[in-house]
Colleague: 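Before I ask anything, let me first share the structure, which is written out below as structure tokens.
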Amino acid sequence: MKGGGRRRASPAAVPEPEALVTRVVTDVAGVDKEFDYLVPAGVAAAVRVGTQVRIELNGRRVGGWVVAVGVEPPTGLALRPLEKVRGWGPEPELVDLAGWAAWRWAGRRRTFLSTASAPTAVPVLPNPSWRPPAAPAGLGATADLLAPFPLDRPVTLRLAPAADVTPVVAELAQRGPILVIVPSVNRGSTLATRLRRAGGDVAVVPEDWAQARAGTAVVIGARAAAWAPCPGLTTVIVVDGHDEALGEQQQAPTWNAVAVAGERARRAGVPCVVVSPCPTLDLLAAGPVRLTDRGTERQGWAALEVVDRRQDDPRLGLYSDRLVSRIRAEPRVVCVLNRTGRARLLACASCGELVRCERCGSALIQQPEGDTPRPLVCPQCTLVRPQVCAECGSTRLRLLRVGVTRVSEELEALVGRPVGEVTSATVSWPDTSVLVGTEAVLHRLTPADHFGAVAFIDFDQELLAPRIRAAEEALALLAHASRLAGGRAGKVLVQTRIPDHPVLKAALSADPGILSAGELPIRQTLRLPPVTAVAVVSGPAAAPYLDGLAALPDSPVEILGPDRDRWLVKATDAAVLADALAAVPRPAGRLRVAVDPARL
DNA sequence: CGGACAAGCTGA
DNA sequence: CAGCTTGTCCGG
């Protein structure tokens, strides 16, 4: 702090040499620049790195974050004062981490600062609450896994799907404040409840952001919690580190909570502990994996039954005899099919033409409700047309791919019991002993719902999905189902025409290592992550940007494409890729850079 | 992002 | 040449 005996700040625009000046990153899309402002004497104590402020920029009031205090502004500028101090913001270390993430995923700092901030203004902090949960009575087979951790890279603990992570988290909380990142809000509230029951002070973010910022024993939250405040942090824990929900896949920047957690822990000099029943190649590449004994691991995976459908007549449809008899035999079953609605793909029974939207070309689906014949609707542009073929006018249409609604109707008839339906859009579902749902059903239910069996109706859809990590995600589904079904006592059934797939072998023997051993050579051959680092570049401004990348000295990146106006940029590792992407100035216009996306 | 301002197009 | 559109620049 300079100018202890500072004179009163004059209202004049020309700063006095000793006036306190801050540097601010604005919360305005498109303004990726820092601006300097004077700190009014009355609020100087509240202004630190991370503080959220309001400033006047070009005649309008906008939000921003203080990223430096006591800077030397460029000469000859008439500085404005800060309009207002909005309240507490991210810790200074997280402001730095936002800069790292902006580099790592070719994004903007404000995206990450915004994620690291409270949902509503926090003018004052509550009192800290440091009470940890009671230490677990015994850790059993997991005790050895908690041997001293390296501080420079994450460690993955391979715990079976049905294993409870609460004792591990409680044990680590004995060392001081911990940050726990989980893949879903549901998972977070379950864990929070258990830790609170054990007497721990727990802040669940984003709701309890202010308490987390003030200081508490355990901070828990979903993906964005990788950016939650946690004063005195001693360990970062990621639960289900394989889960794709830990990565932002929809919009750029496509950051990943496991990578943020790892870097955050490394910078703080504390361990990053990742727990996963099925560590991905990305996790294996990031750091060592610690295993329990095989017997313990087996106990946490459900018995898997593979129904080989290669010999079945395709006209038999989605339901093998074995599937139907198993569902009849089980007291409570969940069936999973990753498609909503009645019919996801229709063809004309006379001319064979696919039923597509005449306006936008996407496949029309059958309206899920209403009178028969059900009209056809376009999921893309909401065009509606009666059930006729646009080519030949025939009204006879054939179902090529069936959706969840249709399946629940058909199963009800086949099994002779009422069937409920759960999709991501479902608010509440009936208390039936058979449920049919999209993958969302696995996220909505918990082991406490006592569904002892999970059946995947069309598992090949998962195994063959056009995503880089499709196989790993398929194994993750089986792990999730195993947890829901209650481990060894539960049952998981899959219908498939690829019964020898490594995913199924791995789940059958409760050994996820079988899948990684098979996947790594594929990634090596195709030169895909984690062997390389890739980015997909698209948008109107992509072409000049790629010209810039191609012109970089020593060609650090390989450029492939364009394929449908998208280019693929490959480098030997994430740092080389990030350096290259940052070295080229972004041309004006819209440009999307997705680093390490789910699909290419 | 959104305002300011400059350069380009149009029509009477 | 007013009146309007389109493009580029800039903000402390």
Side-chain angles (χ1 to χ4, degrees), chain A residues 1-3 6-87 89-90 92 95-96 98-99 101-102 105-117 119-121 248 250-255 538-548 582 584-594:
Chain A
M1 173 82 70
K2 42 168 149 173
R6 175 150 37 98
R7 282 159 302 180
R8 271 203 110 61
S10 102
V14 179
E16 292 178 41
E18 293 163 84
L20 191 60
V21 176
T22 66
R23 196 148 285 165
V24 173
V25 166
T26 66
D27 190 12
V28 183
V31 183
D32 202 33
K33 203 179 154 191
E34 298 170 342
F35 298 97
D36 293 342
Y37 287 84
L38 291 170
V39 180
V43 299
V47 174
R48 63 204 83 206
V49 170
T51 300
Q52 286 191 259
V53 294
R54 305 274 306 167
I55 51 171
E56 195 177 307
L57 181 70
N58 215 5
R60 57 195 178 124
R61 289 182 128 213
V62 298
W65 293 269
V66 170
V67 294
V69 182
V71 295
E72 203 62 55
T75 50
L77 279 178
L79 297 189
R80 296 188 144 276
L82 296 172
E83 287 290 322
K84 190 173 178 234
V85 173
R86 183 166 179 264
V95 173
D96 289 343
W105 287 286
R108 306 198 190 267
R109 246 194 311 180
R110 39 167 286 276
T111 318
F112 300 107
L113 289 173
S114 172
T115 307
S117 300
T120 54
E248 170 59 75
Q250 313 302 327
Q251 64 220 20
T254 53
W255 61 280
S538 57
Y545 185 64
L546 286 147
D547 290 342
V584 177
R586 285 180 176 236
R590 285 182 58 82
L591 175 72
R592 185 187 133 97
V593 181

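A, B, ... follow the sequence lines: proteins, then strands. Residue 1 opens every chain.
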Colleague: Arg23(A) CZ to dG11(C) P: how many Å, rounded?
Modeller: 14 Å
Colleague: Nearest whole Å is fine: how far is dC1(B) P from Arg586(A) CZ?
Modeller: 13 Å
Colleague: So does Arg109(A) pair up with Glu34(A), basic N to acidic O under 4.0 Å?
Modeller: yes
Colleague: Let me know the distance between CZ of Phe35(A) and P of dC1(B), rounded to the nearest Å.
Modeller: 14 Å
Colleague: Specify the residues of residues 53-62 of chain A, ordered by number, for which at least one heavy atom lies under 4.0 angstrom from an atom of DNA chain B.
Modeller: Asn58(A), Arg60(A)
Colleague: Please state how far atom CD in Glu83(A) lies from atom P in dG11(C), giving the value in whole angstrom units.
Modeller: 18 Å
Colleague: Using 30° and 60° as the class limits, which term best fits the ring planes of Trp105(A) and Trp255(A): parallel, tilted or perpendicular?
Modeller: perpendicular
Colleague: So do the side chains of Leu113(A) and Thr115(A) get within less than 4.5 Å of each other, counting heavy atoms only?
Modeller: no
Colleague: Could you list all the side-chain hydrogen bond (donor to acceptor under 3.5 Å, both in side chains) pairs where at least one residue sits in residues 19-31 of chain A, not counting sequence neighbours?
Modeller: Arg23(A)-Asp36(A)
Colleague: In plain terms, say whether Arg61(A) and Glu56(A) are close enough for a salt bridge, that is, a side-chain N and a carboxylate O under 4.0 Å apart.
Modeller: no
Colleague: Taking only N and O in the side chain of Lys33(A), is any of them less than 4.0 Å away from OP1 or OP2 of dG11(C)?
Modeller: yes
Colleague: State the CG-CZ distance between Leu79(A) and Phe35(A), to the nearest 0.5 angstrom.
Modeller: 12.0 Å
